[in-house]
Undergrad: 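Submitted below is the structure of interest, expressed as structure tokens.
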Number of protein chains: 2
Amino acid sequence: MSKGQATIKDIAKALRISVSTVSRALHDHPDISEKTKKAVREEARRLDYQPNLIAQGLRQQKSHLIGLIVPEIVHHFFSTTLSGVEDFANSQGYHVMVCQSNESYEREKTNVKALLSSRVDGIIVSVSKETTDFSHFKHIQKRGIPLVFMDRICNEVKAPSVVCQDYEGAYMAAEHFISHGRRRIAHLRGPKSLLISKQRLNGYLDVLSKHRIPKKDEYIVFASDFESGYRETLRLLDLHEKPDAIFAVNDITAAGSLRALQEKGFRVPEDISVIGFGDDPVITKLTVPKLSSIYQPGYEMGKMSAQMLLKNIGVQEPFPHEIRVLKTELKLRETTL
Amino acid sequence: MSKGQATIKDIAKALRISVSTVSRALHDHPDISEKTKKAVREEARRLDYQPNLIAQGLRQQKSHLIGLIVPEIVHHFFSTTLSGVEDFANSQGYHVMVCQSNESYEREKTNVKALLSSRVDGIIVSVSKETTDFSHFKHIQKRGIPLVFMDRICNEVKAPSVVCQDYEGAYMAAEHFISHGRRRIAHLRGPKSLLISKQRLNGYLDVLSKHRIPKKDEYIVFASDFESGYRETLRLLDLHEKPDAIFAVNDITAAGSLRALQEKGFRVPEDISVIGFGDDPVITKLTVPKLSSIYQPGYEMGKMSAQMLLKNIGVQEPFPHEIRVLKTELKLRETTL
DNA sequence: AATTTTTATGCAAACGTTTTCGCGACAAAA
DNA sequence: TTTTGTCGCGAAAACGTTTGCATAAAAATT
């Protein structure tokens, strides 16, 4: 009765038929008579039968599990993508095993190993900052299991990838500054190791050169959290030629920047305009003035990643180097003219 | 070679020994000679053997998987707990399947069913707002698999639970107001269906009655997000007797409240003090003035939940009604005197 | 030398499925 | 009547492990 879960054996025994018949009946196989199917279905619900996904997995070499490796779940962006992955996977009968690398290369490697051991049917990864060697990803592919990169992608490994318009987003931001008469645009850039940081930097640079504005190295400084955003902005304000606009690599950095501007008595956006990146709902709502930002479709990126992954499960050549780029949007609020 | 993963069969074949010997060798069984063990280990790494957790799971009736059901992953608190769960589970050789209920009772039920089907070894759940019927949780227990409630616990089902000092946190907040001369303390309370909201309300109420301050119904209003926090605070400010302190059920509500206060030109904390709940690092950093709040140890709660869960895996009577209460702390910043 | 004990290994069953193959029954066609 | 075909079902193998039991060889004891 309550001794463990019921199996198809129990159903078979109760109905005095074979397990194969039960299995087929539950899968609505045409060989089985309607009468038998009905009986099986009834007995199944009487016993509260739940198929054992482990046994199924073993038999069909398919775990119906996908792995997700992200740097840190607590970042709003990543938990948003996770939400998208989870929703789509669930809708297709899959489940998600989450791992966080904590931005550590070593943990990323052990995560990969663990997921492979769990025989996940596919893996989505957002690469850690620390990672410069990518053999563990190639290893996944050698095993023949589909791999999709999301956001923090990896050009060294040929795999489907999902990103958003980092370059275009940055371009839009800088272009917006220019079109409102700003010429001294500073950029709080992210770590060089991250492709997304480079893309955002490039979008910014290309706008400058398009408008024949010489690049000024003092205007391009590294900052990727609240404190460094604050600190570096203070330094920007000490420059002889102060910037009249600041484009930050992410929202929390922009928030730090705003704090500095406010403390030093600059008016935003009149004296200096600010645009962030990510459109974090909490941050953009809480800053005063409200932060303008580039919206990044995190949920859709997760969903799309899961979709591309599942599409490649069970196919012969599962690694098309297809890159899907999702749209970003400039959300104007109060830190821009 | 690269055709699928290597199995113990492959190792056995290569070494011309039996699979049982290989299995035992890999588990360092004392019956096996050192020489054989060494050979097996070498061949295993040569073939890059990874144990098939699915097969293992089937054989030992143990998936080394735990399920986690939370209302919404994107909430900072929940992603923090997830992080704790993941870290601890990983350290013990377990993995985590995440499900979100999206605050829906129906999805919670299907989540439970899916996790049971996946034969997870245990389940941690933070109950959805909508849930009033708890039979799906009892069902988990009938199946004999350990269940732990976390934060959003459920008194109707006897199971180990992990919470934080919601009552005490609220008590500290209100007590702090009182000790600084405030008497007209308002409370932006959460939904009645949630025990944590009730606890926070009770802490607040008990402080009032301890100090013989009559409870005023106009001071206790429902609000649990930015907009309602903002709106309800505006209404509080329309009262004949305006409050001189506001305790909010969570940080984002407190932030909404602050926004209203600021717009109406009230000085915080001089005219009105504010304390939130949760100590969200982003929110408390961004509000001006910086929000005082009750720190809630999300990471530790997740870790502790995982720990209690694993402790109860494989024991005869896995449902002691043990409630672990983790400490909250009053973090004073700039919205309090 | 004969017996017992120890050591190291193999056989086979089991976990819960799915699926290939085959078979008997019965109906339709020859 | 024989052949062919369809229908409904069962037997058994397989997926990759673990483990109780048996056993052969070697070592220790009598």
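Values reported hereafter were calculated over all heavy atoms of this structure, with side chains retained and with hydrogens, waters and symmetry mates removed. To find a chain, count down the sequence lines: A is the first, B the second, and so on, and within it residues start at 1.
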Undergrad: Only distances under 3.5 Å count here; give the side-chain donor-acceptor pairs of residues 67-80 of chain A to other protein atoms, sequence neighbours excluded, each with its distance to 0.1 Å.
TA:
| unit_1 | atom_1 | unit_2 | atom_2 | d |
| --- | --- | --- | --- | --- |
| A/Ser79 | OG | A/His75 | O | 3.4 |
| A/Ser79 | OG | A/His76 | O | 3.1 |
| A/Thr80 | OG1 | A/His76 | O | 2.6 |

Undergrad: Hey, what's the ring geometry for B/His64 with B/Tyr94, parallel, tilted or perpendicular (30° and 60° as the breaks)?
TA: tilted
Undergrad: Can you list the residues that meet the salt bridge (Lys or Arg N to Asp or Glu O under 4.0 Å) rule with A/Arg152, with sequence neighbours excluded?
TA: A/Glu103
Undergrad: Starting at CD of B/Gln56 and ending at C1' of D/dC15, how long is that distance when rounded to a whole Å?
TA: 14 Å
Undergrad: Of the candidate nucleotides D/dG16, C/dT18, C/dC15, which contains the atom at the shortest distance from the side chain of A/Lys9?
TA: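 The nucleotide sitting nearest to the side chain is C/dC15.
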Undergrad: B/Ile8 CD1 to D/dT19 P: how many Å, rounded?
TA: 11 Å
Undergrad: With side chain to side chain contact (heavy atoms under 4.5 Å, CB included) as the criterion, how do B/Gln56 and A/Leu58 come out once you've worked through the C-alpha distance, each side chain's angles and the decisive distance to 0.1 Å?
TA: CA-CA 10 Å; B/Gln56 253 175 219; A/Leu58 182 58; over 6 Å; no
Undergrad: Given atom NZ of B/Lys13 and atom C1' of D/dG16, what is their separation to the nearest angstrom?
TA: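 The answer, rounded to whole Å, is 12 Å.
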Undergrad: A/Leu26 CG to C/dT19 C1': how many Å, rounded?
TA: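 From A/Leu26 CG to C/dT19 C1': 15 Å.
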Undergrad: Between P on C/dT17 and CD on A/Gln61, what's the gap in Å once rounded to a whole number?
TA: 17 Å
Undergrad: Please list, chain by chain and in numerical order, all residues satisfying side chain to side chain donor-acceptor pair (under 3.5 Å) with A/His139, sequence neighbours excluded.
TA: B/Asp48
Undergrad: Compute the angle between the rotation axes at the two ends of the helix from C/dA1-D/dT30 to C/dA30-D/dT1, each taken over five pairs, rounded to 10 degrees.
TA: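 Axis-to-axis angle, ends of the helix: 60°.
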Undergrad: Within the structure shown, what part of the strands sits under 4.0 Å from A/Ser23 by heavy-atom distance: base, sugar-phosphate, or nothing?
TA: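 Base contact - A/Ser23 has a heavy atom under 4.0 Å of at least one base atom.
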Undergrad: Could you pull out all residues at least two apart from A/Lys129 that satisfy side chain to side chain donor-acceptor pair (under 3.5 Å)?
TA: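 For A/Lys129, no residue satisfies side chain to side chain donor-acceptor pair (under 3.5 Å) once neighbours in sequence are set aside.
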Undergrad: Without decimals, in angstroms, what is the distance between A/Asn52 CG and C/dG16 C1'?
TA: 6 Å
Undergrad: Provide the full list of salt bridge (charged side-chain N to carboxylate O under 4.0 Å, His left out) pairs with a residue in residues 89-100 of chain A, sequence neighbours left out, each pair given once.
TA: none
Undergrad: For residues 5-15 of chain A, which residue pairs pass the salt bridge (charged side-chain N to carboxylate O under 4.0 Å, His left out) check, not counting sequence neighbours?
TA: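 Qualifying pairs: none.
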Undergrad: Detail all sub-3.5 Å separations between protein N/O atoms and N/O atoms belonging to nucleotides 7-11 of chain C.
TA:
| unit_1 | atom_1 | unit_2 | atom_2 | d |
| --- | --- | --- | --- | --- |
| C/dT9 | OP1 | B/Thr36 | OG1 | 2.6 |
| C/dT9 | OP2 | B/Ser33 | N | 3.1 |
| C/dT9 | OP2 | B/Ser33 | OG | 3.3 |
| C/dT9 | OP2 | B/Thr36 | OG1 | 3.0 |
| C/dG10 | OP1 | B/Ser18 | N | 3.4 |
| C/dG10 | OP2 | B/Ser18 | N | 2.8 |
| C/dG10 | OP2 | B/Ser18 | OG | 2.9 |
| C/dG10 | OP2 | B/Thr21 | OG1 | 2.4 |
| C/dG10 | N7 | B/Arg24 | NH2 | 3.4 |
| C/dG10 | O6 | B/Arg24 | NH2 | 2.7 |
| C/dC11 | N4 | B/Ser20 | OG | 2.8 |

Undergrad: Tell me which nucleotide among D/dC15, C/dT17, D/dT17 gets nearest to the side chain of A/Leu58.
TA: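 When the side chain of A/Leu58 is considered, D/dC15 is the closest of D/dC15, C/dT17, D/dT17.
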Undergrad: For residues 300-312 of chain A, which side-chain N or O atoms pair as donor and acceptor with protein atoms under 3.5 Å away, sequence neighbours left out?
TA:
| unit_1 | atom_1 | unit_2 | atom_2 | d |
| --- | --- | --- | --- | --- |
| A/Ser305 | OG | A/Met301 | O | 2.6 |
| A/Asn312 | ND2 | A/Met308 | O | 2.9 |

Undergrad: Take the protein atom CG of A/Leu53 and the nucleotide atom P of C/dC15, then report the distance between them rounded to whole Å.
TA: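 Distance check: A/Leu53 CG to C/dC15 P gives 19 Å.
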Undergrad: Provide, to the nearest angstrom, the distance between the CD1 atom belonging to A/Ile11 and the P atom belonging to D/dG10.
TA: 14 Å
